[in-house]
Student: 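Here it is, the structure in full.
Here, residue 1 is the first one in the sequence, and each next residue gets the next number.
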Amino acid sequence: MRIARFSIDGNVAFGAVEGDKPDELVLDIIKGIPFADFELSGTKVPLSKVRLLPPVLPNKVVAFGRNYAEHARELGNEVPDAPFAFFKPSTSVIGPGDDIQYPSFTEELHHEAELAVVIGRMCREVPRERVKDVIFGFTCANDITARDVQKREKQWARAKGFDTSCPLGPWVETKLDLQAASDLTVQLTVNGEQRQLGRTSEMIHSIEDLIVNISEAMTLLPGDVILTGTPAGVGPLNVGDEVAVTIEGIGTLTNKVVKRG
């Protein structure tokens with residue numbers, strides 16, 4: 001099931017996305033919230049009539065860096081022996097169609113296409129065999145990075161945590177299991193030109209590794225998001241660019257880059 005979060009006539013709701021053809025998709029509005037037992041209302045609205053929002057509002061976004069060997073090497077970094085985590089604040093999250101605002105403090109804005117894992121229940125110290133039970137679903141992410149700031153400041157809070165640096169969407173796919181999610185095509189285009197192409201099977205540390213690792217340290221809450229790393233091919237974005245992340249079995253997340261006003 002594809003679960004979207006959307007606004008219509010000033011109201012915000014969750015809905016199940018139905019249909020196969022892009023111009024015929026509809027939303028069946030959910031009664032309640034999707035992290036608990038819920039029912040479909042039977043009230044349906046065309047997707048074209050709503051504004052899609054970030055599919056979740058995470059308490060925290062935990063991102064893992066250098067989790068694809070070729071990406072680590074393309075930036076001259078060593079491949080880490082253990083998962084390498086950092087955070088993006090909730091204020092960095094935007095949804096499909098929202099603008100990525102080019103910050104004034106960088107001259108080297110980069111794209112990073114990633115598979116995002118959405119947590120479905122409160123959990124801590126998750127054993128490997130239980131990881132599948134705490135996952136709500138998967139979505140597309142773009143870990144927008146001020147590369148020059150990242151290199152200069154070493155600590156990544158500003159370089160990866162600025163407003164609009166974490167596009168998520170277009171919805172959460174809940175029917176993918178861990179096995180399927182571990183071998184999906186991840187692609188990114190800028191203005192229609194392919195920049196990144198990889199597979200989640202190229203991850204150094206698996207989805208299970210990442211959730212076991214971070215849940216040893218902290219409690220994960222429903223709606224929290226885990227970014228699993230980016231394949232090789234990261235590169236610059238400029239004002240006016242349209243960047244699209246497409247992940248097999250999930251969908252496409254599209255955003256435009258604008259100058260921060």
Side-chain angles (χ1 to χ4, degrees), residues 58 60-88 92 110-119 123-147 150-151 153-157 159-161 165-168 173 176-188 194-218 220 224-235 243 245-250 253:
K60 54 187 171 292
V61 177
V62 183
F64 285 90
R66 303 171 186 170
N67 199 29
Y68 287 72
E70 289 304 313
H71 168 59
R73 295 188 185 105
E74 74 179 342
L75 296 180
N77 297 312
E78 295 182 358
V79 176
D81 294 330
F84 182 83
F86 61 95
F87 293 96
K88 295 173 82 78
S92 69
H110 275 201
H111 56 74
E112 296 191 9
E114 309 207 9
L115 174 70
V117 183
V118 179
I119 299 299
C123 58
R124 187 180 64 181
E125 297 185 351
V126 182
R128 180 173 297 273
E129 64 273 14
R130 294 293 303 277
V131 166
K132 64 182 184 301
D133 299 326
V134 306
I135 293 175
F136 176 64
F138 302 88
T139 191
C140 305
N142 199 341
D143 176 19
I144 303 296
T145 302
R147 191 71 69 198
Q150 181 188 24
K151 294 175 182 177
E153 296 185 356
K154 308 302 181 185
Q155 211 281 347
W156 297 358
K160 287 178 172 282
S165 68
C166 190
L168 297 175
E173 176 56 73
L176 282 174
D177 60 22
L178 264 176
Q179 182 177 1
S182 297
D183 191 21
L184 300 173
T185 301
V186 179
Q187 178 179 261
L188 181 141
Q194 183 176 289
R195 294 277 189 87
Q196 290 184 266
L197 181 63
R199 298 194 69 83
T200 56
S201 56
E202 299 167 5
M203 289 182 192
I204 300 166
H205 304 290
S206 69
I207 295 168
E208 293 98 325
D209 293 336
L210 303 181
I211 292 178
V212 168
N213 174 272
I214 199 62
S215 70
E216 287 176 339
M218 66 192 65
L220 300 176
D224 281 351
V225 171
I226 310 295
L227 303 189
T228 59
T230 191
V234 302
V243 56
V245 177
T246 300
I247 299 181
E248 179 184 2
I250 298 175
L253 166 68

Student: Within a radius of less than 6.0 Å around CD of Gln179, do more than 12 heavy atoms belonging to other residues, nucleotides or ligands occur?
Tutor: no

Student: Grab the two heavy atoms, one from Ala116 and one from Leu168, that are nearest each other, plus how far apart they are.
Tutor: CB-CD2, 4.4 Å

Student: Could I get the full list of side chain to side chain donor-acceptor pair (under 3.5 Å) partners for Glu74, not counting sequence neighbours?
Tutor: His71

Student: Could you work out, with side-chain contact (heavy atoms from CB on, under 4.5 Å) as the rule, every residue matching Asp81, not counting sequence neighbours?
Tutor: none

Student: Lys88: what forms a salt bridge (charged side-chain N to carboxylate O under 4.0 Å, His left out) with it, not counting sequence neighbours?
Tutor: Asp143

Student: In chain order, what residues pass the salt bridge (charged side-chain N to carboxylate O under 4.0 Å, His left out) check against Glu112, with sequence neighbours excluded?
Tutor: Arg147, Lys160

Student: In the structure I gave you, are the side-chain heavy atoms of Leu115 and Ile250 within less than 4.5 Å of one another anywhere?
Tutor: yes

Student: Measuring from atom SG of Cys140 to atom CD of Gln187, what distance do you get when rounded to the nearest 0.5 angstrom?
Tutor: 11.0 Å

Student: Taking atom CE of Met203 and atom CG of Leu210, what is their separation to the nearest 0.5 Å?
Tutor: 7.0 Å

Student: Which heavy atom of Ser92 sits nearest to which heavy atom of Gly161, and what is that distance?
Tutor: CB-O, 4.0 Å

Student: Contact between Asp133 and Val126 at the side-chain level, heavy atoms closer than 4.5 Å - yes or no?
Tutor: no

Student: Taking the side chain as everything from C-beta on, heavy atoms only, tell me whether Val62 gets closer than 4.5 Å to Phe87.
Tutor: yes

Student: Taking all atoms of both residues into account, what is the closest heavy-atom pair of Tyr68 and Arg199, and its distance?
Tutor: CE2-O, 3.3 Å

Student: In chain order, what residues pass the side chain to side chain donor-acceptor pair (under 3.5 Å) check against Arg124, with sequence neighbours excluded?
Tutor: none

Student: Locate the shortest heavy-atom distance separating Leu176 from Ala180; write the atom from each residue and the value.
Tutor: CD2-CB, 3.9 Å

Student: Answer whether the closest heavy-atom distance between the side chains of Trp156 and Thr145 falls below 4.5 Å.
Tutor: no

Student: Using side chain to side chain donor-acceptor pair (under 3.5 Å) as the criterion, list what pairs up with Arg195, not counting sequence neighbours.
Tutor: His111

Student: Can you pull out every ring-ring contact (aromatic ring centres under 6.0 Å, His included) where at least one residue sits in residues 196-218? Sequence neighbours excluded, please.
Tutor: none

Student: Going by side-chain contact (heavy atoms from CB on, under 4.5 Å), name the residues that satisfy it together with Ile204, two or more places apart in sequence or in a different chain.
Tutor: Asn67, Ala69, Val79

Student: Mind checking whether Leu178 and Ile135 have side chains closer than 4.5 Å, heavy atoms only?
Tutor: yes

Student: Which residues pass the side chain to side chain donor-acceptor pair (under 3.5 Å) test with Glu153, sequence neighbours left out?
Tutor: Arg158

Student: My understanding is that only residues two or more places apart in sequence, or in another chain, count here; which of them pass salt bridge (charged side-chain N to carboxylate O under 4.0 Å, His left out) with Glu125?
Tutor: none

Student: Where do Pro167 and Ser165 come nearest, in terms of heavy atoms and distance?
Tutor: CD-C, 3.5 Å

Student: In the structure I gave you, are the side-chain heavy atoms of Leu220 and Lys60 within less than 4.5 Å of one another anywhere?
Tutor: yes

Student: For Ala157, give me all partners under side-chain contact (heavy atoms from CB on, under 4.5 Å), at least two apart in sequence or on another chain.
Tutor: Gln155

Student: What's the spacing between Ser215 OG and Asp224 CG if we round to 0.5 Å?
Tutor: 11.5 Å

Student: Looking only at non-hydrogen atoms, find the nearest pair between Ile211 and Val134 and report the distance.
Tutor: CG2-CG2, 4.3 Å

Student: Take Phe138 and Ile207 through the test side chain to side chain contact (heavy atoms under 4.5 Å, CB included) and record every step on the way to the result.
Tutor: CA-CA 11 Å; Phe138 302 88; Ile207 295 168; 4.0 Å; yes

Student: Looking at residues at least two apart in the chain, or sitting in another chain, which of them share a side-chain contact (heavy atoms from CB on, under 4.5 Å) with Val212?
Tutor: Arg128, Val131, Glu216

Student: Side chains of Asn213 and Phe64, heavy atoms from C-beta outward: is any pair under 4.5 Å?
Tutor: yes

Student: Identify the residue among Gln196, His110, Glu114 that makes a side-chain hydrogen bond (donor to acceptor under 3.5 Å, both in side chains) with Thr230.
Tutor: Gln196

Student: Would you indicate whether the side-chain heavy atoms of Leu188 and Asn142 approach each other to under 4.5 Å?
Tutor: yes

Student: When rounded to the nearest 0.5 angstrom, what is the spacing between NZ in Lys151 and CG in Leu75?
Tutor: 6.5 Å

